[in-house]
Amino acid sequence: MARTRHVLPGFRLSLGFTITYLSLIVLIPLSMLVWKASTAGWDGVVATITHARVIASLKLSFTTAFTAALVNGFFGLLTAWALERYSFPGRRLLDAMVDLPFALPTAVAGIALVTLYAPNGWIGAWLAQYDIKAAYAPLGITIALVFVGFPFVVRTLQPVIADLSMELEEAAACLGANRWQTLTRVVFPALLPATLAGMTLAFGRAVGEYGSVVFISGNLPFKTEIAPLLITMRLEEYDYSGAATIGVIMLIASFLILFTADLLAQWNRKRTGH
C-alpha cells in the first residue's frame, strides 16, 4: 500500500524531537521524583504519608481547592455568559482583566490579598466587625485559590457559549417554556460538560498553588499549612525523601485531575460535535 504523503514532511524527525523533549522536561524529572521518594524505603514512605501533619496539610489543600473550584464554577459561568451574550461599555477591558491571574506573579497576588483581607485591611476590617476572619485562616486560602483558578473556568466556557445556538432558546420559548425552564432544561445541560471541565482545571491549578497562598495562610501547622509549603519545609530540613514522597502524592493527584479534565473535554466534544 502506498504511504500517504503529507504537505509538510518530517514526521519521524518531529516525533523524535517531541519524545526527546518530553523525556528531558517531563518524564525523566518526574521519574527522578518517584525514585527519590523510594530511597526512604516502604516504611519511610508509609510513615510520611500517615504523618498527622502531612494528612492535615493534604486535607486542607484539597478541601480549599475543591471549594474554590465550586465558587469559580458558579461565578465563572455567569462571567463567561455576560462577556459572550451581552455588549456593554468596558466589555473588552473586563474580558482582558479575566487573564490577570495568568500574568500577575503569584507572590504579588498574595501580597495584594493580604493587604485587602488582613484584620486591618479594607475588606478584612469590615469582615472583622462580623467576627469573620479571612486572612491567616482557611477562608483566606480559599479566596487566593479562587483568584488563581477563575480564568480557567471563564476561558473554557466562552467558546462553548459562543457556539451555543440561540435557536434552541427561541424554540423553547415558542413551545411555552419560561426563562427558568429554558435555562435549566436547555442552556445549562449544554454548558455542563464545559463547566465541569473548567472547574477541574481550576481545581488542579489550586491544589499545587503556593505563591499566592503562603502570604495569606499564616502557615500554622494543622490549621493553615498547605501541602506545597510542607514540601518546602521538608527540603529546608534536608528531608529530601520525605519532600519527594509528598510530591509524588501531589503528582498522582494532578495526573488524576488532568485525566478527569480530558474525559470531560471528550464528553463535551461528543455533546457539541466540536
Side-chain angles (χ1 to χ4, degrees), residues 67-118 121-127 129-130 132 134-135 139-140 142-174 177-203 205-206 209 211-212 215-216 264-265 268 271-274:
T67 304
L70 293 178
V71 174
N72 280 328
F74 178 76
F75 289 101
L77 175 59
L78 293 180
T79 303
W81 183 268
L83 292 175
E84 287 298 324
R85 283 299 179 94
Y86 302 105
S87 297
F88 51 89
R91 175 178 171 275
R92 291 188 177 181
L93 177 61
L94 183 62
D95 187 62
M97 289 176 61
V98 172
D99 290 329
L100 274 179
F102 286 148
L104 192 67
T106 55
V108 176
I111 295 173
L113 292 174
V114 170
T115 304
L116 284 175
Y117 290 96
W122 290 353
I123 301 178
W126 178 76
L127 293 175
Q129 298 177 3
Y130 302 94
I132 300 176
L139 177 59
T142 304
I143 293 173
L145 298 183
V146 168
F147 175 81
V148 299
F150 181 69
F152 289 93
V153 181
V154 177
R155 294 311 184 208
T156 303
L157 278 167
Q158 277 186 295
V160 179
I161 296 176
D163 292 337
L164 188 63
S165 177
M166 297 188 66
E167 294 179 356
L168 296 177
E169 302 171 41
E170 295 173 354
C174 293
N178 55 36
R179 293 184 178 182
W180 177 252
Q181 291 174 329
T182 302
L183 177 64
T184 56
R185 298 185 181 183
V186 178
V187 176
F188 185 71
L191 299 179
L192 180 60
T195 304
L196 293 176
M199 291 173 59
T200 305
L201 292 175
F203 177 67
R205 174 68 176 86
E209 176 60 20
S212 62
F215 293 99
I216 198 172
L264 291 173
N268 181 46
R271 286 176 60 93
T272 60
H274 292 84

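Computed from a predicted structure; not experimentally measured.
Contact record, Q158 with E84: NE2-OE2, 3.3 Å, taken as the closest heavy-atom pair. The shortest heavy-atom contact between A80 and L157 is CB-CB, 3.8 Å.
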Output side-chain donor-acceptor pairs under 3.5 Å for residues 192-202, partner residues at least two apart or in another chain, one line each.
residue : atom : partner : partner atom : Å
T195    : OG1  : L191    : O            : 2.7
T200    : OG1  : L196    : O            : 2.7

Could you give the side-chain donor-acceptor pairs of residues 143-154 under 3.5 Å, partners two or more places apart or in another chain?
none

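One finds the CZ atom of F102 at 11.0 Å from the CG atom of L100 (value rounded to the nearest 0.5 Å). For the atom pair CG of L77 and OG1 of T156, the computed distance is 12.0 Å after rounding to the nearest 0.5 Å. Remark: F203 CZ to T67 OG1 distance equals 9.5 Å, nearest 0.5 Å. The CD1 atom of I111 lies 12.5 Å from the CG atom of L116; values are rounded to the nearest 0.5 Å. Here L164 contributes atom CG and R85 contributes atom CZ; the two are 5.0 Å apart, rounded to the nearest 0.5 Å.
For the pair L83 and F88, the minimum side-chain heavy-atom distance is below 4.5 Å. The shortest side-chain heavy-atom distance between Y117 and L127 falls under the 4.5 Å cut-off.
Scored by the salt bridge (charged side-chain N to carboxylate O under 4.0 Å, His left out) test, R155 finds D95, D99 as partners (sequence neighbours excluded).
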